[in-house]
Amino acid sequence: MNGLRVTDEATIAVVKKTLDEIVNKDVCAAILTAKGKPQGMPGDHRAGLRELTADDDGNQVDLGYVGDVTEVKVKLIKKGDRRWLHPRDLAVAEGLDNKPYNCERRRRRG
């Protein structure tokens, strides 16, 4: 929808489960093989967001379970030591309503 992703409840459940339970384990296993000491941390433990209800032009949109990142839990991330795995990109984070949301990368004007 106008270049923004749309995600329904069933899809976000599959995405979250896949990232948290499969991809996270695979990445941690690869790091262990390289003699690292990873500790996986799901995106919803690292950031918070609000549901995205308007596009870049201010038009109301219903994108389902899609949101904009509103906070990065820096203290939590810093609390971990260098053994933790902190992926650079967030795909899923927790909304103010405690539900998982697909993180939308907003186009920045300027």
Side-chain angles (χ1 to χ4, degrees):
M1 177 176 297
N2 294 336
L4 298 172
R5 63 184 65 156
V6 177
T7 306
D8 64 16
E9 186 174 10
T11 301
I12 197 65
V14 170
V15 169
K16 181 169 175 31
K17 182 177 177 79
T18 300
L19 291 175
D20 291 354
E21 298 178 17
I22 298 171
V23 174
N24 201 349
K25 282 183 184 178
D26 290 349
V27 170
C28 287
I31 292 171
L32 280 170
T33 299
K35 304 205 186 299
K37 297 178 183 177
Q39 178 176 348
M41 183 182 284
D44 56 358
H45 290 119
R46 293 180 282 127
L49 54 75
R50 70 170 185 270
E51 184 178 0
L52 184 59
T53 58
D55 66 15
D56 288 339
D57 297 321
N59 301 313
Q60 294 298 305
V61 292
D62 180 5
L63 303 173
Y65 288 78
V66 176
D68 262 343
V69 174
T70 58
E71 89 177 288
V72 175
K73 298 173 183 174
V74 177
K75 276 188 170 182
L76 179 63
I77 293 170
K78 285 183 177 180
K79 203 182 234 186
D81 59 31
R82 292 184 181 176
R83 296 176 302 155
W84 285 18
L85 169 66
H86 301 294
R88 190 184 78 200
D89 295 324
L90 295 170
V92 175
E94 187 173 281
L96 299 173
D97 57 5
N98 297 322
K99 294 179 184 176
Y101 284 84
N102 197 342
C103 295
E104 176 64 43
R105 294 174 197 250
R106 300 298 300 267
R107 294 182 303 274
R108 301 288 178 219
R109 294 177 182 210

Exercise. Residues two or more places apart in sequence or in another chain: which of them pass side-chain hydrogen bond (donor to acceptor under 3.5 Å, both in side chains) with Thr70?
Worked result: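 Not a single residue meets the side-chain hydrogen bond (donor to acceptor under 3.5 Å, both in side chains) criterion with Thr70.
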
Problem set entry | Residue list, side-chain hydrogen bond (donor to acceptor under 3.5 Å, both in side chains) with Asp26, at least two apart or on another chain |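 Applying side-chain hydrogen bond (donor to acceptor under 3.5 Å, both in side chains) to Asp26 gives none.
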
Problem set entry | same_hphob_cluster(Leu32, Val23) at 4.5 Å side-chain heavy-atom cutoff |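 No: no chain of side-chain contacts under 4.5 Å links Leu32 to Val23.
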
Exercise. Taking only residues two or more places apart in sequence or in another chain, which ones pass side-chain contact (heavy atoms from CB on, under 4.5 Å) with Asp97?
Worked result: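 Scan of Asp97 (side-chain contact (heavy atoms from CB on, under 4.5 Å), adjacent residues dropped) gives Lys99, Tyr101.
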
Problem set entry | side-chain contact (heavy atoms from CB on, under 4.5 Å) partners of Lys25, counting only residues at least two apart |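 With sequence neighbours excluded, Lys25 shows a side-chain contact (heavy atoms from CB on, under 4.5 Å) to no residue whatsoever.
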
Problem set entry | From CG (Asn59) to CG (Asp57), nearest 0.5 Å |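 Interatomic distance, Asn59 CG to Asp57 CG, rounded to 0.5 Å: 5.5 Å.
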
Exercise. Which distance, rounded to the nearest 0.5 Å, do you find between the CG of Leu52 and the CG of Asp62?
Worked result: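 If we round to the nearest 0.5 Å, Leu52:CG and Asp62:CG are 10.5 Å apart.
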
Problem set entry | Residues which pass salt bridge (charged side-chain N to carboxylate O under 4.0 Å, His left out) with Glu21, listed by chain and number, not counting sequence neighbours |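 Only Lys17 meet the salt bridge (charged side-chain N to carboxylate O under 4.0 Å, His left out) criterion with Glu21.
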
Exercise. Any side-chain heavy-atom pair from Leu49 and Asp68 closer than 4.5 angstrom?
Worked result: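 No; the side chains remain at least 4.5 Å from each other.
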
Exercise. With side chains defined as the heavy atoms from C-beta onward, is the minimum distance between Val15 and Asn102 less than 4.5 Å?
Worked result: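 Counting from C-beta outward, Val15 and Asn102 never come under 4.5 Å.
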
For this session: Taking all heavy atoms of Pro100 and all of Lys16, pick out the closest pair and write down the distance.
Result: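 Taking Pro100 first and Lys16 second, the nearest heavy atoms are CB-CD, 3.7 Å.
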
For this session: Determine the minimum heavy-atom distance between Asn24 and Asp20, stating which atoms define it.
Result: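 For Asn24 and Asp20, the tightest heavy-atom pair comes out as CB-O, 3.3 Å.
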
Exercise. Taking Thr11 for the side chain and Thr7 for the main chain, is one N or O donor matched with an acceptor at less than 3.5 Å?
Worked result: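 No: the side chain of Thr11 does not pair with the backbone of Thr7.
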
